Structure formats: structure tokens, C-alpha cells
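The structure appears right after this line, and notes come after that.
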Amino acid sequence: MELSKNFEPSIVDGKWYDRWMAKDYFSSKPDGREPYTIVMPPPNVTGVLHMGHCLNNTIQDILVRRARMQGKNACWVPGTDHASIATEAKVVGMLRERGIAKSSLSRDEFLGYAWEWKEKYGGIILQQLKKIGCSLDWNRTSFTMDADYYKSVIDIFIKLHEDGIIYRGLRMVNWDPVSKTALSDEEVIFKDIDSKLYYVKYPLADTPSADGGFMMVATTRPETILGDVAICVNPTDERYKAWIGKEVIVPIINRRIPIIADEYVDAEFGTGALKITPAHDKNDNEIGRKHSLKTIDTLDENGKFTAIDLLAENPSELVLSYIGVDRFDLRKKIAEDIAALNLIEKIEDYKGQVGTSERTGAVIESRLSLQWFMDMKGFMKKNPEALSSVMNDEITFHPAKTKNTYKHWLENIKDWCISRQLWWGQRIPAWYDAKGNVYVATTAEEAVVKAAAQGIKLTIADLHQDEDVLDTWFSSWLWPIEVFKGVSNPNNKEINYYYPTTTLVTGQDIIFFWVARMIMAGYDLKNQLPFKDVYFTGMVRDKQGRKMSKQLGNSPDLLGLIEQYGADAVRFGIMIASPAGNDILFDESALEQGRNFNNKLWNALKLVKMWWKEGGAVALNNFSDDKIATHNVNGYSFIIPIHTKPFAIQWFENRLNESENQINQLLEHFKLSEALKVIYSLIWDDFCSWYLEWIKPKFGETISEELYAHTISFFERLLHILHPFMPFVTEEIYHLLQERVDDLCVKQNEAIAAPDASILQQGELLKQVISALRDARNKNQIKPKETIKLHIQTGEIANYKAIESILIKQVNAATITYTDITVSNTIVVAVETDKFFIESEKELDTTALKQELLKDLLHQQGFLESVLKKLGNERFVQNARPEVIELERKKQTDAEARIKTIEESLANI
RNA sequence: GGAUCGCUAGCUCAGUUGGUUUAGAGCACCACGUCGACAACGUGGGGGUCACUGGUUCGAACCCAGUGCGGUCCA
């Protein structure tokens, strides 16, 4: 078969994915093997594949494919998250485009549209994962709103309520006025903003004159002033000691409020006096509670002014005119109106921070609201393993530094607000009667029973269900358990086999949202960790280190890249530049490198196939082992091994064993990027640049059956090692190397022999000599086509006998001879303690040669000096470990020998 | 403001408990090369006071302290 010039992924990729699917390689069932389980972090059901997913899922695929080849029962579970707030926002947007307002729909109508949307767009992202080769068990595809899953979430809510962990309460929450829902602390992103600091005067009450003095307060939020209930100062602040207990007047509303003292106030900030607005600030609310102050709410759920709490005070026309004004306009308006009263001293520029909604970007309002919460401190008391298991590495975080972040969060954990004022999600199973009593139960029927148990007689008609749904993460935290039905059908065969899962791969950004909570759920519900290793990826950024965003337009079109470079090249590109836990600077040139690597493999295939002849595939065991024999060289008798195997085969066999051990070690430690680098260099440098060149026959000649069989077998081993990283190209070449029925995808690993250090060393010497001689040729402008005569002066002729034929070919020598003395009128090259004399037709440029040697001499002398200094230090000789001293002695003798060699060479010129 | 991580070649990063030839790789760069695998390539090459200042040690990129710069998380 004629092979194309380059590897063509677009033709190959889909073909193999279909075949793997047809053969059902990715589906897993419990059996006697050790399981290797990964649950995919479920992307938003309406999401599309981006670079972050690509990185994340490529890593998981590498781990899963490797486990599969190691003979483990690999199970990788796909699925999607209903992503309550994000999806609802999308559906609302879609409806708006169709001219439908959410407010005009009933809950059921809205959910109808939402499900329709989900069915239409829900699967897209999963289909895209097939394009990058993800070997997921598609039969297990799960969704966080599947019927069983939904019910499990509800059941867990009820259980935790019964445990006293979930409660309902009126608390300060983070309120998103755009999506009109409460958010958890984790969903609030703090951003730096430029704002103004307003210095407002609060006139002192009960003073005879209008100009009886005032309290000056600096605030960034004058729009909340009508909700002020006190002014607070630090009790140690000398400036204000006399004021404590007096009253001031709130501008515009003319409310009398007290001046109180609390340690919380920072005397350094602003004027040292803080206005207290318990309805609109978390800290103010704390102080308000501590000092039993009233709460006066002046902003509604849309972030617009409301006067409901003010009506009792008989507010002025001016106050009433604010009704319905948005908070940001209100800020300007109220500031102006206070200024008109001559009560603003000054306005300063101020750099502050505000919380914004992770989803809508809206500035968050702290708002007093009746919501459902989880008592996290109480929960942690019940499940202390959630922290200890991570700290003692039962659950190992990679990189380990993320442990600190985790610890800090858990030790300062706050209650989790789990209710959301949305419709898309699991509806809270709480039922209210007319008196406002609440019954937590799966159904209204059960709620009636619960009420009866409390002696309250109700019918279903008397109850209405809570309108709110649960935070998305309140369902995601069950993911590793419920994808195996561990909640809905406890102790089933699957959960007992696959759980705890093996490895979790996810972004650092959701360590609190998701990772921490899965660990908590694992211990609370299963009394077990949910996974043993957590591999955190960094964020994918662009070349300049900027976050990828729609606005910047710097997020590449992933599917376009796959089309252009091929899935393997994309996988390579993203993995080669991805140190564990660090952000990845994505650069398309890495994809080019991946594509070039594909071609390198492809061309190696073409070369090897050129050597194929009828009956070429010969079993390896047809060839006998090495033996030891005496050998005659130049009249001297040497004991040297007679290799029936050519040196190239021996060397590469050992090189493979060495590398494979190294790669396994790297992968055990999740150093995927480094492992790929080792594989890349093993294939490109050792296999292609050295091994294939060493065995390459002259044009028109063929290689021996032995060489051919070994080469095919080496190539297969390389493909095997590379397969988890680049599944398509490796499978394709595996099948092109020779006719076969099996697939690389499920080929099992074989035991790796220990490498023979002496052969590896000899290989290194050979490479070093070849490079040095080529360098010398290059520097002396000997053309590649011109042959040389090579004279070798060495104490170890045996070292060179086995590699002579390779050396001749690689440095284009006509002859090789061994010599005891310096050969005059030649280029001299020193490697280790051996000398090489290049005899050539070419006129020699002795000055350049001399300079080269002098430079080397200087280097060696400097080196020797540093070694001698060490050895001359008495304390070093006394204290250092013997093997370290031994090593330094060897360095010394080596350097001395080399200096001698160079000096002799210089004398010869 | 608190916590935390980092600073090694032009760029992105390795460097395992301090000693392994006076620091390694890939990309980029320079020179030469189009002999039957590969120019998306080959063969060579140049390039770093390991952020700075002190300390511990026979010995420091590595350990300790401080300074500077940058990132991330939390408030």
C-alpha cells in the first residue's frame, strides 16, 4: 500500500473512534479486576467545549487509557450538570428573544421550555468530547436532574434536615438583583473598582442652635443612608469618647439615631465613625444584632428603593420620590440631596472592592432574606475526616500546595446558603401551611403525615410547596456516589465495586464549590472518601497570560483546531505545555509541534515499511542470545562478548526498558507533561535519529530478518507507550506496521526488564563520539559526502569493536584503525580519555582547531581547580560521605587525563 | 489587610531527601545541508552570577531569615 506523504488525521480519527465503540472497549462492568474509576466533572448541560474542558478531559483520558492497558477495569463516567442558574439564564434569554417574558409563564410552562432546550442542546458537549478521543463509558451518561438523581438530592436534603444540619433562617445573604436570587459566598467574586468616598455630616440632636455640631461619617454607599440606625465609633478613639450615647440626626429622613461604640470600627478608616445600616451590610448587621438595633430595609429585590419600612416614620415627599429608583442612580441622587442640605463635606476618589455575581456579573447586595442554609460547622463536627483525610494524604492532592487552600477554607467555613429563587433545579421539599409552619417531606402526602404526627390536622390542599430550588452544587456533590446509584439504591453491586473512585481531575477554581463538598458528602453518606487522588489543573490562558474570554476573543475554536491539526496534535499541544497545577499558556505553536510529531511517526513508519520483504515478520525468539568469547585484535587477545544481536538492537532494547521505567514513575506521580516529553524524545531522538540511522542499510540493500523483526517490535512498544496521549495516530500506525486483528487500544502491558547499564553507557559513548566527530567535520568544513580516515587511540579497543560498523556509517569514515601514537597532520578530537584523529583530504585550519582546543582546555582546568579545592579542604574530606569523596576523586582523575589529552593534541598541531 | 505559591536561557518549564563533570529540556535563534523516511526535515552551534541581601554548612538553585516583584485564594 502506498502511504501518503503526511499523516492525515481527518481521515483516520473518526474511523478508529467508531471501531473502539463498535468493539465496546470503553464500557465497564464490575468483575474480578481492580477497578480504575473516574467520574468526569459534569459540564453545564448547555455548554460547548472549550480549552479548559479539552485539557481536563485529555488528562482523564490519558489516565483511563493507561489504566485500561495496565489490565485494570477502567470506568470513566460522562454526564452533565443542570447548572441551575446558568441554564435558567440561558432559557430566559432564549424566551426573551422569542418575545416571551418569564413572568408571564407558570412554573410548569417555564420548565417545559427548559426541558425542551435541554433536550435540544444538552448533548452537544458530550458529542464534542468524542472528537478529542475521550474513552468514556457512554452507557453510563448521567444528568444531575435524571429522575433517580433528582430524588436522591431531595432525600439527602430531608436527611440532613432531620440531622439538624439544614435549617431555614432569616439571614444576611448575597443577593443578585439581576437574577433575583440568593447566592452562596463561593458564587461571589470580589472585584476592584473605582468609587467615591462621601463625607457626610450627621447633625447632633438636642442642640440649642442649628449649628450645634455634627458627626462626620465617610461612606461609599450614601444610597443606604435612609436605613441608618446608629453611628458607631471605636471605644478607644479619644476623639469621640464624649459623643458615645448622644444622638445624631440622619439627613433627609431626620431620624434620631444613637452613637454607639464597638471594637469592630477601624479608627484609621475615613473619619473613624461608621454608619450602621443593618439591612444592607453584613458587618453592620452583626453590629446591629449585637446592640439590638432595628433593621430598616430600603432596597427591594431588584435593587430599587422601597419605602415600606419607612412609612411609619411619615416620610417626606422627597423620600417618597425615591421609590423605584435603581440603587446606582439613587446613590447620585441622595448624594446631591444631602449636598443641597449642606451636609456633605467632601467627596474623595476611592479604590474599593465590591462583590459581583459569578454568573451575571451584577454587583451583589447584602440582603436580609429567609433562606435555607446548611450548618457547615456542625456538619464538619460530624465529619472531621473531610479535613483530616486530605491533610494526612489519604486523599492526595496534586499539587500538594492546594492542601493549604483547602485547610484554610474548611477551618473558616461559613454556613452554606442552598436555596435559590429559581425554577430550574431540584425544588425544595418543604411544605407550608397557612400559619407558616413548615414540614420537610418528599411529597405533600408525607407532609400531611408529618403534620399529623405533631398533632396538626391538615389536608393536601392546605399546603403549598416552597417555590425555590436548590443550589446546583447541592446536587453535584453527590456525583461520584449517585452516578452509581449509591443514594437511590444503596449498596448495589456497582457502587460497592466502583466507589471510592480512583482519581478526580478538575480545575482549582472549583475546589470549594465541588471538591470539598464531594469529600464531605463522601464521609457523611458513605463514611468513605470519594476518590484517592485529586489532580488539579490550572487555568488555560492565552500566550500573553490573559484569561480566555469571549470579550477578548482570545479563546480559540477548539473544533476548528482539531480539524486543522488533528485531535492527537491538539492533545499533544495542550499536554506538553501543562505543568501540574500551574496555569497553561496556550500557544498554537505547541499544536504545530504535535502535528510535526505525528508526521515524524508517520515517516518512521514509511521508512521501516520500505525494508519490509516477503516473510519479513519473523518471530523474535528465532534469534539466539549473546555469549562471551575471546577475540583477536591487532595481535592482542581480548575477552569480549560476541553479540549475535547487533549492538543497535541491544542498545535500543535497554534504552526502551530504561525509559519505560522512567515514564511509569513520572505517571505514578501525575507528572504527565514530563512523561510526554520523555516519550517524545525517546521516539524522536533515540528511535528516529539514532536507532533507525544505525540500522539503516545502504540504498537498495535490505536489513536482516532479525533487525526487521526487532524494529517492528520496538516500534510497537513505542506506540503502546504513546497511545494514552495520542490514541488515533498510534492505533493507525499499529495496524499499518503489520496485518492484525487486535487493537492497540486494549493491548495489555508487559513486564519491563531491568536495563543493562553497561550497554546504555556504551550507547552514550557512541552517541558522544559521533556528535563530537560530526562537530569537528562541521567546524573544519568537511562536506558530508567527503569520507575521512579515522584513527582511534584508546585503552579500551573492545569498547569500539562492537560499534565500529555504526561509527563508520555515522561519521562517513572510509576506514577505522587503532593507534598507540598521535597521528600527525590530522584533526584531533578528544572524548572522555580517548583520542580521535581525523585524516582528510581537506586543508586543515589549524588556528580554529587550536582555539577550540584551548577553550576546552580552559574549561577543564577551571573544573579541575574546583574539584581540587574541594578535595584540598580537610573538613570536606572528614565530613562528606565516602561515595561523594570517591566521586570527586574520579572527577579529578578524569579531568587530569582529559587535560593531558588536550595538551598532547595541542602539541601535535 | 490576611493566607499562600512562585521568581532558573528570549519564551514555557524540569531540577526527586543539599554533593552525579563549575545548571537541563522544548520552542525560538544562528551556521551548514535537499544522498530514497521526514524542509512540518537533517547535522551542528551559541545562549543562564539560578530575583536580591544576609545566614546555616566542608559544600546551597535546593535549607533559614529579610527585601523586591508577580500570581492565586480569602476578607
Side-chain angles (χ1 to χ4, degrees), chain A residues 3 5-7 185-186 188 190 266 282-283 353 355 399 401-409 411-412 414 508-509 511-512 538-539 543 545 565 569 576-579 581-587 589-590 592-611 665-666 669 671 673-674 676-678 680-681 684-685 688-689 692-693 696 698-700 770-772 774-779 781 783-785 810-812 832 859-867 869-881 883-885 887-888 890-892 894-895 898:
Chain A
L3 294 174
K5 183 174 183 321
N6 288 326
F7 175 63
D185 292 342
E186 287 69 37
V188 178
F190 282 87
D266 176 10
K282 248 178 215 178
N283 296 314
Q353 280 188 315
K401 65 183 178 187
T402 45
K403 278 162 73 173
N404 288 325
T405 317
Y406 183 79
K407 179 168 181 251
H408 184 259
W409 185 74
E411 285 177 344
N412 296 284
K414 310 234 168 59
Q508 276 178 55
D509 49 337
I511 181 168
F512 309 135
M539 194 182 294
K543 217 165 143 183
Y565 295 97
I576 198 77
S578 98
N582 283 356
D583 286 354
I584 291 118
L585 301 192
F586 177 76
D587 185 349
S589 72
E592 273 176 47
Q593 199 187 341
R595 180 196 56 191
N596 297 351
F597 189 33
N598 276 340
N599 280 333
K600 192 70 186 178
L601 284 162
W602 188 252
N603 282 306
L605 168 75
K606 287 203 290 190
L607 178 65
V608 171
K609 291 295 276 187
M610 261 168 44
W611 301 332
Q665 280 208 335
L666 289 169
H669 293 96
K671 296 189 171 182
S673 183
E674 273 182 70
L676 181 57
K677 279 178 190 166
V678 171
Y680 177 79
S681 152
W684 200 301
D685 301 330
C688 294
S689 297
L692 289 179
E693 292 298 334
K696 192 187 251 178
K698 280 188 185 141
F699 176 62
I770 292 169
S771 292
R774 280 173 174 168
D775 182 30
R777 290 182 59 120
N778 224 339
K779 290 220 166 81
Q781 294 178 330
K783 291 247 156 60
K785 278 182 187 170
Q810 291 277 281
V811 302
N812 196 16
E832 304 279 316
H859 178 267
Q860 291 298 331
Q861 282 169 336
F863 177 69
L864 178 62
E865 208 174 305
S866 79
V867 172
K869 202 171 135 202
K870 235 185 220 182
L871 285 167
N873 186 331
E874 259 178 58
R875 286 194 289 178
F876 169 71
V877 182
Q878 277 166 15
N879 295 321
R881 291 199 309 271
E883 61 268 31
V884 173
I885 298 171
L887 191 72
E888 291 301 318
K890 183 170 183 307
K891 284 188 201 170
Q892 184 196 345
D894 284 357
R898 215 159 133 62

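Letters go in sequence order (proteins before strands), and every chain restarts at 1. Since the model is a prediction, treat every value here as computed from it, not as a measurement. Computed from heavy atoms alone, side chains included, the values below leave out hydrogens, waters and symmetry copies.
Glu186(A) CD to Trp409(A) CH2: the interatomic distance, rounded to the nearest 0.5 Å, is 5.0 Å. Distance NZ/Lys407(A) to CG/Asn412(A): 10.0 Å, rounded to 0.5 Å.
Separation of the P atoms belonging to U8(B) and G48(B) is 15 Å when rounded to the nearest angstrom. Spacing between G15(B) and C62(B) at atom C1', rounded to whole Å, works out to 9 Å. A9(B) and G47(B): their C1' atoms are spaced 6 Å apart (whole Å). With C1' as the reference atom, G6(B) and A14(B) are 15 Å apart, rounded to whole Å. Spacing between C27(B) and U72(B) at atom P, rounded to whole Å, works out to 29 Å. Comparing C41(B) with G36(B), their C1' atoms sit 14 Å apart, to the nearest whole Å.
Residue Ser689(A) is classed as a sugar-phosphate contact, given heavy-atom separations below 4.0 Å to backbone atoms only. Nucleic acid contact class of Glu693(A) (heavy atoms, under 4.0 Å, all strands): base. In this structure, Asn873(A) reaches the sugar-phosphate backbone alone: every heavy-atom distance under 4.0 Å involves primed, P, OP1 or OP2 atoms, never a base. Within the nucleic acid shown, Asn6(A) comes within 4.0 Å of at least one base atom, counting heavy atoms only.
Residue Leu585(A) places its side chain closer to U12(B) than to any other of G45(B), A37(B), U12(B). Closest to the Asn778(A) side chain, of the nucleotides A75(B), C74(B), G44(B), is G44(B). The side chain of Lys600(A) lies closest to C41(B) when the candidates are C41(B), U21(B), A75(B). Across C58(B), G44(B), U21(B), the shortest atom-to-atom separation from the side chain of Phe876(A) is found for C58(B). Side-chain proximity of Asn596(A) to the nucleotides G15(B), C27(B), C41(B) is greatest for C41(B). For Glu674(A), the listed nucleotide lying nearest its side chain is G15(B); candidates were C27(B), C38(B), G15(B). Minimum atom distance to the side chain of Ala880(A) is reached by G19(B), of the listed U43(B), G19(B), A37(B). Distances were taken from every side-chain heavy atom of His408(A) (C-beta onward) to each of A3(B), U43(B), G26(B); the shortest belongs to A3(B). Closest to the side chain of Met610(A), out of C27(B), G36(B), G45(B), is G36(B). Of the candidate nucleotides A75(B), U20(B), C38(B), A75(B) has the atom nearest to the side chain of Lys414(A).
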Where each pair must be Watson-Crick or G-U wobble with both distances under 3.5 Å, what dot-bracket representation of RNA chain B is obtained, with crossing pairs in [ ] and other-strand partners as |?
-> (((((((..((((.....[....)))).(((((.......))))).....(((((..]....)))))))))))).

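Distance CD (Gln593(A)) to P (A25(B)): 15 Å, rounded to an integer number of Å. The CG-P distance, from Asn404(A) to C5(B), rounds to 6 Å in whole Å. For the pair Asn812(A) CG and G44(B) P, the interatomic distance rounds to 14 Å; values are reported in whole Å. Distance NZ (Lys785(A)) to P (G33(B)): 12 Å, rounded to an integer number of Å. Residue Arg595(A) contributes atom CZ, which lies 14 Å from atom P of C27(B) at whole-angstrom precision. Following rounding to the nearest Å, Gln892(A) (CD) and U22(B) (C1') show an atom-to-atom distance of 15 Å. Atom pair Trp409(A):CH2 and C5(B):P shows a separation of 20 Å (rounding to whole Å applied). Rounded to a whole Å, the CD atom of Glu592(A) is 11 Å from the C1' atom of C27(B).
Classification of Asp775(A) and Lys779(A) as a salt-bridged pair holds, one side-chain N sitting under 4.0 Å from a carboxylate O.
In this structure, Ala604(A) and Arg774(A) both approach RNA chain B, and ranking their closest nucleotides by distance from the 5' end singles out Ala604(A). Mapping Asn879(A) and Leu607(A) onto RNA chain B by nearest heavy atom places Leu607(A) closer to the 5' end of the strand.
Taking 4.0 angstrom as the limit, Lys671(A) places a side-chain polar atom (N or O) nearer than this to OP1 or OP2 of G15(B).
In this structure, Thr405(A) and Phe512(A) have side chains that are in contact, with non-hydrogen atoms separated by less than 4.5 Å.
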